[in-house]
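Everything numeric here is computed off the predicted structure, so don't read it as measured data. Atoms within a ligand are numbered from 1 in the order they appear, just like the ligands themselves.
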Amino acid sequence: MPACSKCGRDAVTRLYYTKQDLCSNCFCDVFEHRVRRANREFSLLRRGDVVAVAVSGGKDSQAMLFVLHKLAREIGDVTLKPVLIDEGIEGYRNVAAENAKKLCEQLGLQLHVEGYKESFGASMDEVMAKRDSLSSLDARFQAKPSCTYCGVFRKSSLNNAALSLGASKLAVGHNCDDLAQTFLMNLMRSEPERLGTIGAQSGVVEREGFVTRVKPLIYNLEIECAVYCRLRGLPFHLGGCPYAAESFRGTVKDFLNSAEAEHPGIKFNLLHSFLKLREKIAEETTEKAAAEKMFYCGKCQAPYSGSGAVCKACEFLKELRIETIA
Ligand code: SF4
Ligand code: ZN
């Protein structure tokens, strides 16, 4: 067994991109140090903040909640409110959610749960069934990939939950892999102007009705979140969503994973390229976002920007002919 590059104890894992072997303590220190670094550089959590923490029971959000719990005590006067959005995916979210509940109990935090079924009138399983039946019955129906629907519903649910909890920030478990994927996806879709709206802190412009999203894990890899959970003994769910195979993100993720295996460090390189580029385009994007007119959806009252008559979630529900409860 190799010795830890930092302290000489038995190493348990290797960081291929720096060629360092690390013991359990040193790895956890590195992981937490990176969260503190993101917090410092992007002003994520501050005294007085009420932070809604998006948890799912997966490795990323479990690691995030655990480290933020430490960080909140270090900073002082920071209240954490974990939120779980239950998409209604049988055999996946209900199983993963148990881990989120367990960790919240361990940390003495109250978990708030919101479901698609209650918010939108249909679970994700029902949305998929509806989409598939409409596709076979109506040639004009334009079916979208699962994550297109789910992403919009999830974003809306999280923002609504954060608002109702009186949160000043909404922490999401996006890691370096997620940012690198999003960066490449924007380039591949020829949507470089969208780069200004992603990053460690998405709330470039404070907009009424939107809680500022913060991403404390951007300097950690996805695999490192799993290693951290294992080493800290945190409960987490490793299984994937049954609908994930439909997504463009999945294709980009596979590509990046095989590229990283051959050329360790490319995910961090992509992240740093993105952050440098973002600085250059941030001013333009900020002005544009500030000038964007905000509306409140006539159907569900959620805030939205854009050209539609209702918010994106309500537009999808109408297309799917799903009656909302609210
Ligand atoms: Fe929703 Fe797609 Fe994530 Fe599954 S993979 S939970 S469908 S966004
Ligand atoms: Zn709406």
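In this structure, atom 4 (Fe) of ligand 1 is in close contact with the protein, since a protein heavy atom lies within 4.0 Å of it.
Of the protein's non-hydrogen atoms, the one nearest atom 1 (Fe) of ligand 1 is C150 SG, 2.3 Å. The single protein non-hydrogen atom nearest to atom 2 (Fe) of ligand 1 is C147 SG, 2.3 Å, given as residue, atom name and distance.
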Evaluate side chain to side chain contact (heavy atoms under 4.5 Å, CB included) for Q110 paired with H112, printing each intermediate quantity in order. CA-CA 7 Å; Q110 195 195 337; H112 302 265; 4.2 Å; yes
Show your reasoning for whether side chain to side chain contact (heavy atoms under 4.5 Å, CB included) applies to V35 and Y219. CA-CA 7 Å; V35 176; Y219 288 132; over 6 Å; no
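Cation-pi geometry between R34 and F31 is not met: the NZ or CZ atom fails to fall both under 6.0 Å from the ring centre and inside 45° of the normal.
Distances from atom 2 (Fe) of ligand 1 show that C241 has no N/O/S atom below 2.8 Å.
Ion pairing between a basic and an acidic side chain is recognised when a charged N comes within 4.0 Å of a carboxylate O; R321 and D138 show such pairing.
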